[in-house]
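Reviewing the structure listed below.
Chain identifiers are assigned alphabetically (A, B, ...) following the order of the sequence lines, protein sequences preceding nucleic acid strands; residue numbering begins at 1 within each chain. Small disclaimer: the values here were computed from a predicted structure and weren't measured. Only heavy atoms go into these numbers, but all of them, side chains included; no hydrogens, no water, no symmetry mates.
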Amino acid sequence: MLKTHSCGELRKEHVGKKVTLAGWVDRRRDHGGLIFIDLRDREGIVQVAFNPEVSEASHKVADRMRSEYVVRVSGEVARRPRGTENPKLPTGEVEIIAQEAEILNPSKTPPFYVNEDVEVEENLRLKYRYLDLRRPRMRESMMLRHQVVKFIRDFLDANGFIEIETPILIKSTPEGARDYLVPSRLHPGKFYALPQSPQQLKQLLMVAGMEKYYQIARCFRDEDTRADRQPEFTQLDLEMSFVEEEDILCLMEELFVSLVAAVKPQMRVLTPFPRLSYAEVLDRYGTDKPDLRFGMEIKDLSDIVAKSSFSIFAEAVASGGKVKGICAPGCADYTRRQLEELNELARSCGAGGLVTISLGDSAGGGLDGLSMEKVRSAAAKFLTTDEVKEMARRLEAKMGDLLLVVAGEAKVVNLALGELRQEMGARLKLAEPNTLAFAYIKNFPLFRWDEEAGRWDSEHHPFTKPWDEDIPLIDTDPGKVRSKHYDMVCNGYEIGGGSLRIHTAELQRKVFRLLGYRDEEIEERFGHMLEAFEYGAPPHGGIALGIDRIVMLLAGRETIREVIAFPKTQSALDLTFNAPSPVSEAQLAELHIELREE
RNA sequence: GGCCCCGUGGUGUAGCGGACUAACAUGCCACCCUGUCACGGUGGAGAUCAGGGGUUCAAAUCCCCUCGGGGUCGCCA
């Protein structure tokens with residue numbers, strides 16, 4: 001090794017030791033006589049003092065050093081003179097008195113600060129990702145990610161799981177997300193596809209008797225990106241045989257509780273993880289991935305205003321819709337402009353509009369003193385004091401609060417209020433950043449009617465097991481069939497999902513038929529699964545968790561790009577390599593591909 | 001594909017019709033400086049204001065188009 005110690009590890013116990021360090025120049029302070037270099041490596045920073053009276057030669061070398069030069073320094077670890085210790089550095093009690101120094105490689109002036117944590121345009125960071133990754137924030141992200149994956153592997157190993165790799169070149173299945181395709185050289189006109197997830201493979205591993213499988217699996221989906229979505233991403237994929245739903249949910253709960261305690265002990269995990277039904281979360285939070293770090297629940301007000309002379313409310317109820325609301329605490333003094341923004345948000349969700357009801361000013365106080373003079377609302381003249389009081393009471397409001405009420409079709413009302421709840425939660429900073437509020441969402445419908453295609457579609461995927469008692473409904477009322485699927489959510493993100501799977505060919509075939517596949521299609525696309533299920537497939541189930549999103553939440557970052565070493569842009573470009581790129585005519589010819597004019 | 005936001009020295013920002021010959025901070029270069037640690041001091045270089053077109057006596061500033069980036073809806077079984 002070119003070094004005997006790492007910069008970050010040196011403490012006063014090392015005083016007197018002769019050490020050799022190698023790393024990058026984080027900062028240089030030239031005092032004319034004395035030169036100080038903050039030397040940085042992966043583990044941290046230590047100050048090196050170049051004194052011409054100690055070593056004329058190395059002082060000369062230090063004179064040429066600049067930011068991000070790669071240098072090697074030998075010298076003695078010394079206690080810093082009294083009064084010059086730096087409490088901001090873990091190594092701040094000591095410094096290296098340089099005796100020898102060499103520049104291993106100079107550096108151009110970096111295009112952005114490596115030694116300061118300032119915002120830099122993201123495409124510049126991505127182009128020079130190798131410099132960006134030197135910055136402390138990114139280094140911490142990468143280390144955290146490593147610790148998370150390491151912990152998961154150790155945990156699952158201790159619980160009897162074995163890690164098995166599955167192919168990256170596999171078969172295209174037109175259902176689900178758009179596939180990334182790989183042309184075959186040996187089979188003209190045929191293509192492999194990159195896996196969207198190892199779903200079928202892990203089920204076959206259960207048929208194979210592996211009983212407990214997991215994989216840190218790369219998955220590929222050719223769909224548009226988001227802050228929490230990339231074309232390729234990493235899942236913790238796992239599957240178990242002979243399990244019931246709670247076996248998996250409890251195991252994952254144990255995993256996360258111990259994981260957070262190990263890698264982020266300063267974060268609080270709310271336990272036990274609540275199990276909520278899909279219908280319930282839509283009703284109470286307006287989304288299937290609620291942020292449960294704060295309340296502000298959506299309440300049904302339909303019965304209160306069914307007979308109201310405010311026709312928008314009364315008519316919504318009369319035509320089978322709902323009137324629901326949330327309470328924004330302390331927002332009674334919101335300006336017209338602020339209220340209009342919220343109205344706009346509600347409309348963008350498809351709502352006809354938003355009715356806001358300000359309860360007095362921000363003076364606070366109980367509802368007893370509420371009179372219509374203190375109510376500010378476009379609907380004020382149509383509402384009675386009792387109606388407003390009742391609504392306020394149900395929403396657990398007090399004077400000074402703002403009621404946000406939406407009327408219309410239940411689905412739209414929930415969606416709009418869900419968005420408003422999220423928005424108000426963010427504005428009022430109701431979500432504690434160091435808290436992780438996990439929950440399981442269960443009892444999804446198995447099928448959803450696809451208007452466009454005019455047929456039933458799987459809510460998740462066709463291998464999900466229905467409730468036993470609902471199986472007859474597949475023939476009579478598919479929309480009522482409940483599934484054995486569960487999602488794991490945390491702080492408003494869906495971080496994973498799984499299910500118990502169908503393990504008999506008979507039931508699997510029945511589901512495929514409902515989804516509109518002809519028998520020969522079923523054979524062509526899923527024959528391998530159906531046949532496998534005829535050779536003693538055990539009951540099984542599993543879950544897949546988004547590693548990128550989990551690390552993002554643990555790192556407190558806004559996008560998964562912050563926890564991926566080389567992420568892609570929104571338009572799926574890799575700016576470090578400039579991928580995708582054209583290929584030569586020869587390469588195309590070998591793959592039997594001819595480009596067509598667009 | 002729709003909608004929204006952003007693009008000004010290397011970096012991050014200010015300027016939002018005339019006082020802009022474009023400001024500030026930092027970085028960079030030179031010189032000075034032996035206890036700094038975001039060292040300090042003096043001086044200097046560095047910007048066709050993303051690109052194109054238009055309105056105007058006058059455009060970084062207003063309008064249109066294009067490009068690039070981000071957010072989001074659709075999409076993500």
Side-chain angles (χ1 to χ4, degrees), chain A residues 26-39 45-54 59 66-68 78 80-89 91-92 95 97 108-128 131-132 135 173-179 196-197 199-200 219-231 233 341 344-345 347-350 415 419 422 444 446-448 450 452-453 456-464 483 485 494 497 499 511-512 515 517 525-526 544 546 558-559 561 568-571 573 575:
Chain A
D26 196 66
R27 229 174 258 279
R28 173 172 169 277
R29 289 177 294 280
D30 185 348
H31 288 244
L34 266 185
I35 296 175
F36 296 103
I37 296 284
D38 288 340
L39 190 62
I45 286 176
V46 71
Q47 172 167 283
V48 184
F50 294 86
N51 189 333
E53 287 165 16
V54 174
H59 181 267
R66 294 291 182 274
S67 286
E68 300 307 311
R80 291 203 192 184
R82 191 181 300 276
T84 67
E85 301 89 351
N86 184 354
K88 283 186 264 179
L89 282 182
T91 61
E95 65 186 358
I97 307 299
K108 288 170 49 172
T109 300
F112 53 84
Y113 302 100
V114 171
N115 54 13
E116 274 179 47
D117 195 19
V118 293
E119 288 297 318
V120 178
E121 208 183 308
E122 200 175 1
N123 52 351
L124 193 68
R125 292 175 56 198
L126 291 176
K127 182 175 175 193
Y128 298 98
L131 296 180
D132 191 35
R135 309 206 304 167
T173 52
E175 45 283 316
R178 198 176 290 114
D179 283 321
Q196 299 173 23
S197 87
Q199 181 60 36
Q200 296 182 39
C219 304
F220 305 86
R221 294 178 189 174
D222 188 3
E223 299 290 352
D224 288 355
T225 64
R226 287 288 184 280
D228 61 355
R229 272 165 38 189
Q230 283 270 305
F233 60 101
E341 283 168 5
E344 203 56 42
L345 180 61
R347 282 174 198 275
S348 73
C349 299
L415 177 68
E419 288 294 322
Q422 204 56 40
F444 287 85
L446 188 62
F447 304 111
R448 129 172 68 83
D450 183 337
E452 222 174 292
W456 290 100
D457 199 4
S458 294
E459 177 70 32
H460 295 94
H461 58 61
F463 309 106
T464 309
S483 86
H485 178 94
E494 181 196 324
S499 61
V511 167
F512 283 137
L515 296 177
Y517 292 109
R525 292 186 188 171
F526 303 108
E558 300 290 326
T559 85
R561 297 189 298 278
K568 292 178 177 56
T569 66
Q570 189 165 72
S571 50
L573 296 174
L575 295 181

Could you walk me through whether Thr225(A) and Lys568(A) pass the side chain to side chain contact (heavy atoms under 4.5 Å, CB included) test, one step at a time? CA-CA 9 Å; Thr225(A) 64; Lys568(A) 292 178 177 56; 5.9 Å; no

For atom C1', what is the distance between C3(B) and A47(B), given to the nearest Å? 33 Å

Given the P atoms of A19(B) and C62(B), what is the spacing between them in whole Å? 16 Å

Rounded off to whole Å, could you give me the CG-to-P distance for the Leu131(A) and G27(B) pair? 18 Å

Partners of His461(A) by ring pair (Phe, Tyr, Trp, His ring centres under 6.0 Å), sequence neighbours excluded? Phe463(A)

5'-most contact on RNA chain B: Leu575(A) or Glu53(A), nearest heavy atom basis? Glu53(A)

Can you list everything that forms a salt bridge (charged side-chain N to carboxylate O under 4.0 Å, His left out) with Arg80(A)? Sequence neighbours excluded, please. none

Do nucleotides 70-75 of chain B as a string where each nucleotide becomes B, S or -: B if the base has a protein heavy atom under 4.0 Å, S if just the sugar-phosphate does, - if no protein is that close. BBBBBB

Partners meeting side-chain hydrogen bond (donor to acceptor under 3.5 Å, both in side chains) with Ser571(A) (sequence neighbours left out): Thr569(A)

To the nearest angstrom, how far is Leu34(A) atom CG from G35(B) atom P? 7 Å

Please tabulate the protein-to-nucleotide N/O contacts below 3.5 Å involving nucleotides 46-50 of chain B, giving atom names and distances.
none

In B/S/- notation (B base, S sugar-phosphate only, - none; protein heavy atoms under 4.0 Å), nucleotides 37-42 of chain B written 5' to 3' is BSB---

Can you tell me how far P in C16(B) sits from the matching atom in U56(B), rounded to whole Å? 23 Å

The criterion is side-chain hydrogen bond (donor to acceptor under 3.5 Å, both in side chains); which residues satisfy it with Arg448(A), sequence neighbours excluded? Glu459(A)

In whole Å, measure the gap between the P atoms of G54(B) and A60(B) for me. 15 Å

Go through the structure and list residues passing side chain to side chain contact (heavy atoms under 4.5 Å, CB included) with Pro81(A), not counting sequence neighbours. Thr84(A), Glu95(A)

Sequence neighbours excluded, the answer for side-chain hydrogen bond (donor to acceptor under 3.5 Å, both in side chains) partners of Glu494(A) is none

When every nucleotide of nucleotides 3-11 of chain B is labelled 5' to 3' by its protein contacts under 4.0 Å (heavy atoms), B for base, S for sugar-phosphate only, - for none, what sequence of letters results? -------BB

Re A23(B): Watson-Crick or G-U wobble partner, both distances kept under 3.5 Å, found to be U13(B)

Gln199(A) atom CD is separated from C76(B) atom C1', nearest whole Å, by 15 Å

Taking only residues two or more places apart in sequence or in another chain, which ones pass ring pair (Phe, Tyr, Trp, His ring centres under 6.0 Å) with Phe220(A)? none

How would you list, by chain and number, every residue that makes a side-chain hydrogen bond (donor to acceptor under 3.5 Å, both in side chains) with Tyr517(A), sequence neighbours excluded? Glu175(A)

Quote, to the nearest angstrom, the C1' distance that separates A25(B) from U8(B). 15 Å

